[in-house]
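Because only heavy atoms are used, hydrogens play no part in the values below, and waters and symmetry mates are left out as well, while side chains stay in.
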Amino acid sequence: MDHQLFADIYDAHARAVYAHAVRMTADRAGAEDVVSLTFLQAWRLRDTLDSVTSHRAWLLGIATNVMRNTRRTARRHRDAMTRLPPPEAVPDPADAVVSRLADAAQAAAALAVLDRLRRADREALLLHVWSGLSHEEVARACGVPVGTVRSRLSRARARLRRLTDARLAQPPAPGRLPVSPAAREGNL
């Protein structure tokens with residue numbers, strides 16, 4: 001096929017194909033895509049052009065098929081997307097930073113008031129929590145029954161929690177970093 005003949009067909013019928021696409025899609029940008037795809041398909045089918053009696057009807061038929069295929073593809077894509085599981089929520093890294101800061105503030109406050117616990121309670125707590133000994137191992141290390149270790153740990157935790165909360169609620173002393181309200185409340 002002669003390139004000039006195809007260019008003449010384009011010049012003669014591109015506006016009609018565009019108008020048809022605008023009427024069918026109600027989308028001017030989409031209609032431009034339809035015109036492009038229509039003439040691309042027409043170029044691929046140029047060997048059949050000799051048997052075409054009306055170039056305009058032939059092009060409008062191709063355009064109609066292009067729009068059907070485009071709608072079908074869009075529908076299949078939408079359907080496929082609805083079958084996908086929803087994306088998992090990505091945690092906000094700021095939450096982790098705030099949490100670590102609050103944990104650090106609570107740990108610093110707990111260490112600052114640790115010496116205010118009774119010696120026996122502090123000993124049981126340090127052996128169990130920091131040294132990782134079981135209740136039975138703490139009992140052997142302290143030379144007391146396991147029940148006594150459990151009582152000391154319970155009492156030490158409760159007192160340490162109260163003292164830590166009180167420490168966090170205090171206004172910051174000179175040279176001490178302020179603690180956020182969320183850390184004071186233990187929410188972070």
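- Hydrophobic clustering, with ILVMFWY side chains joined whenever heavy atoms are under 4.5 angstrom apart, keeps L49 apart from L40.
- Distance alone, capped at 3.5 Å, is enough to place a donor-acceptor pair between the R46 side chain and the W43 backbone.
- No side-chain donor-acceptor contact under 3.5 Å links S154 to the backbone of S151.
- In this structure, H128 and H135 have parallel ring planes: the angle between them is below the 30° cut-off, well short of the 60° mark.
- Taking OG1 of T73 as the reference point, atom CZ of R78 lies at 10.5 Å (rounded to 0.5 Å).
- Nearest heavy-atom pair across L60 and A16 is CD2-O, 3.9 Å.
- The main-chain N or O of D27 is found under 3.5 Å from a side-chain atom of T25 such that the two form a donor-acceptor pair.
- For the atom pair R116 CZ and L163 CG, the distance stands at 5.0 Å (nearest 0.5 Å).
- The distance from the NE2 atom of H13 to the OG1 atom of T38 is 13.0 Å, given to the nearest 0.5 Å.
- In this structure, Y10 places its OH atom where only 12 or fewer heavy-atom neighbours from other residues, nucleotides or ligands lie under 6.0 Å away.
- Hydrophobic clustering (ILVMFWY, side-chain heavy atoms < 4.5 Å, transitive): L111 and L127 are in one cluster.
- Linking Ile, Leu, Val, Met, Phe, Trp and Tyr whenever their side-chain heavy atoms come within less than 4.5 Å puts V52 and L45 in one cluster.
- The heavy-atom pair separating R68 from N65 by the smallest distance is NH1-OD1, 3.0 Å.
- Linking ILVMFWY residues whenever their side-chain heavy atoms come closer than 4.5 Å, directly or via other members, leaves L168 and L114 in distinct clusters.
- R159 contributes no side-chain N or O that, together with a main-chain N or O of L117, makes up a donor-acceptor pair within less than 3.5 Å.
- Between the CD atom in Q106 and the CG atom in D165 there is a gap of 7.5 Å [rounded to 0.5 Å].
- T164 approaches A109 most closely through the heavy-atom pair CG2-CB, 3.8 Å.
- To the nearest 0.5 angstrom, D33 atom CG is 8.5 Å from T70 atom OG1.
- If you chain together hydrophobic residues whose side chains sit under 4.5 Å apart, V146 and V144 never meet in one group.
- Here the side chains of L59 and I9 are in contact, with some heavy-atom distance below 4.5 Å.
- A156 and L125 make their closest contact through CB-CB, 4.2 Å (heavy atoms, listed as atom of the first residue, atom of the second, distance).
- At a threshold of 4.0 Å, the pair E32-R28 does not count as salt-bridged, since none of the basic side-chain nitrogens sits closer than that to a carboxylate oxygen.
- Here the CG atom belonging to D79 is positioned 7.0 Å from the CZ atom belonging to R75, to the nearest 0.5 angstrom.
- Considering R152, R155, R157 in turn, R155 is the only one that fulfils the side-chain hydrogen bond (donor to acceptor under 3.5 Å, both in side chains) rule with D121.
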